[in-house]
Amino acid sequence: MSDAPQLYLMTPAGAQASALGPLLAEVMDRFPPACLRIRAGAEEDELGRLADLAREIAHARDVAVVIDDHIKLAQRHGLDGVHLTDGARGVRHARKELGEDAIVGAFCGASRHEGMNAGEHGADYVSFGPVGASALYRGEPAGLELFQWWSEMIEVPVVAEGAITRELLADLSPVTDFVAIGAEIWSEPDPLSALTALWGA
């Protein structure tokens with residue numbers, strides 16, 4: 001495990017494709033992510049437009065794209081896989097539907113047990129969070145010790161998400177493979193500056 005996790009970028013929940021496009025391209029040019037995740041929250045038609053836009057921007061930069069929970073949208077719009085927001089439950093089904101080459105990730109809250117199940121069922125990565133205080137997540141925060149244990153014991157890559165700060169980023173860097181950034185920057189007037197402040201050297 002390297003000391004520098006890769007950036008895992010999330011779109012704003014409920015984003016409009018037309019408004020997001022130029023900004024997304026600019027952010028990804030400045031800070032190339034390992035993966036782009038489309039957050040659910042928009043109507044299905046809008047999600048479809050967002051999927052096409054995100055795929056075009058990301059694939060031009062050799063970045064994989066996953067979408068929250070929507071297996072059919074992932075198939076229809078040529079995305080690389082899905083991010084399941086309800087833990088291990090849907091991992092086997094998603095793998096069966098999308099095939100061996102697709103990316104299947106699972107958000108497991110702060111549950112070590114759920115994470116292990118997701119890994120056993122074939123998840124490509126497990127995501128824990130929120131790591132900071134966040135009203136956007138149900139359940140308890142995922143503490144640093146969970147990531148420390150996981151990085152020592154489990155081979156499946158791990159993503160830290162939810163209310164990331166520079167301080168948390170410094171603590172998490174040695175024990176996580178990816179750090180998911182989304183609401184932390186999109187809620188700011190200038191997302192690129194916010195990401196630079198959070199992620200930049």
Side-chain angles (χ1 to χ4, degrees), residues 6-87 89-91 93-107 123-127 129-130 134-138 157 159-164 178-196 198-199:
Q6 291 178 278
L7 176 62
Y8 173 116
L9 189 63
M10 301 186 285
T11 66
Q16 300 288 308
S18 53
L20 186 63
L23 197 50
L24 192 58
E26 196 184 351
V27 166
M28 288 174 70
D29 281 339
R30 179 78 177 76
F31 294 98
C35 183
L36 176 66
R37 175 172 141 209
I38 301 168
R39 297 279 311 280
E43 295 296 312
E44 192 162 318
D45 285 356
E46 190 58 44
L47 270 179
R49 282 190 285 276
L50 199 53
D52 287 338
L53 173 95
R55 185 196 65 242
E56 205 171 289
I57 293 171
H59 285 183
R61 291 159 177 78
D62 289 325
V63 174
V65 186
V66 297
I67 190 168
D68 280 0
D69 299 318
H70 282 274
I71 290 172
K72 292 283 181 278
L73 276 178
Q75 290 171 317
R76 200 180 309 147
H77 295 275
L79 306 183
D80 300 285
V82 290
H83 173 89
L84 303 172
T85 56
D86 63 349
R89 244 168 309 176
V91 172
H93 173 69
R95 176 66 66 211
K96 192 162 129 280
E97 290 291 312
L98 293 171
E100 284 308 306
D101 293 336
I103 299 169
V104 177
F107 175 72
D124 293 295
Y125 69 81
V126 163
S127 167
S134 172
L136 299 176
Y137 290 79
R138 298 189 295 274
V159 180
E161 71 169 91
I164 303 287
F178 304 94
V179 175
I181 305 284
E184 294 89 347
I185 64 166
W186 302 118
S187 58
E188 297 296 320
D190 182 348
L192 191 56
S193 294
L195 185 56
T196 305
L198 190 58
W199 194 264

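Count residues from 1 along the sequence. Atoms considered below: every heavy atom in the structure, side chains included; atoms not considered: hydrogens, waters and symmetry mates.
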From [atom1] ([X]) to [atom2] ([Y]), nearest 0.5 Å:
{"X": "T11", "Y": "L47", "atom1": "OG1", "atom2": "CG", "answer": "8.0 Å"}
{"X": "F107", "Y": "S127", "atom1": "CZ", "atom2": "OG", "answer": "5.5 Å"}
{"X": "I57", "Y": "L20", "atom1": "CD1", "atom2": "CG", "answer": "7.0 Å"}
{"X": "S18", "Y": "L50", "atom1": "OG", "atom2": "CG", "answer": "10.0 Å"}
{"X": "H70", "Y": "L84", "atom1": "NE2", "atom2": "CG", "answer": "11.5 Å"}
{"X": "L192", "Y": "F31", "atom1": "CG", "atom2": "CZ", "answer": "6.5 Å"}

Next on the checklist: Apply side chain to side chain contact (heavy atoms under 4.5 Å, CB included) to residues Q16 and R49 and explain how you reach the verdict.
Outcome noted: CA-CA 8 Å; Q16 300 288 308; R49 282 190 285 276; 5.9 Å; no
If you compare all heavy atoms of [X] against all heavy atoms of [Y], which two are closest, and at what distance to 0.1 Å?
{"X": "A180", "Y": "M10", "value": "CB-CE, 3.9 Å"}
{"X": "I67", "Y": "A74", "value": "CG2-CB, 4.0 Å"}
{"X": "Y137", "Y": "P130", "value": "CB-CD, 3.5 Å"}
{"X": "A51", "Y": "L79", "value": "O-CD2, 3.7 Å"}
{"X": "A34", "Y": "Q6", "value": "CB-NE2, 3.7 Å"}
{"X": "G81", "Y": "L98", "value": "CA-CD1, 4.3 Å"}

side-chain hydrogen bond (donor to acceptor under 3.5 Å, both in side chains) partners for [X], two or more places apart:
{"X": "E56", "result": "none"}
{"X": "D52", "result": "R55, H77"}
{"X": "E184", "result": "none"}
{"X": "T85", "result": "D69"}

Checklist entry - Is there a side-chain contact between V82 and Q75, using heavy atoms and a 4.5 Å cut-off? => result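 The answer is no, as the side chains (C-beta and beyond) never meet within the 4.5 Å cut-off.
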Checklist entry - Does a side-chain heavy-atom distance below 4.5 Å link Y125 with I103? => result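 With C-beta onward as the side chain, the pair touches.
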Item to check | Criterion side chain to side chain contact (heavy atoms under 4.5 Å, CB included) against W199, the qualifying member of L9, I164, L7 | outcome: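 Only one of L9, I164, L7 forms a side chain to side chain contact (heavy atoms under 4.5 Å, CB included) with W199, namely L7.
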Checklist entry - Please, which pairs that meet side chain to side chain donor-acceptor pair (under 3.5 Å) have at least one residue in residues 25-36, sequence neighbours excluded? => result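 Side chain to side chain donor-acceptor pair (under 3.5 Å) check on residues 25-36 returns D29-R61.
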Checklist entry - How would you list all residue pairs meeting side chain to side chain donor-acceptor pair (under 3.5 Å) that involve residues 35-45, not counting sequence neighbours? => result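 For residues 35-45: R37-D68, R37-H83, R37-E161.
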Partner set under side-chain contact (heavy atoms from CB on, under 4.5 Å) for [X], not counting sequence neighbours:
{"X": "A54", "answer": "L36, I38, V65"}
{"X": "P191", "answer": "L23, I185, W186"}
{"X": "A183", "answer": "L136"}
{"X": "A163", "answer": "S134"}

Next on the checklist: Using modelled atom types and a 3.5 Å cut-off, is there a donor and acceptor pairing between side-chain atoms of D80 and backbone atoms of V66?
Outcome noted: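 Checked: no pair found.
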Item to check | Contacts of type ring pair (Phe, Tyr, Trp, His ring centres under 6.0 Å), residue F178, not counting sequence neighbours | outcome: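 Ring pair (Phe, Tyr, Trp, His ring centres under 6.0 Å) check on F178 returns nothing, list empty.
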Next on the checklist: K96: which residues meet the salt bridge (Lys or Arg N to Asp or Glu O under 4.0 Å) condition with it, sequence neighbours left out?
Outcome noted: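 Checked K96 against salt bridge (Lys or Arg N to Asp or Glu O under 4.0 Å); zero matches.
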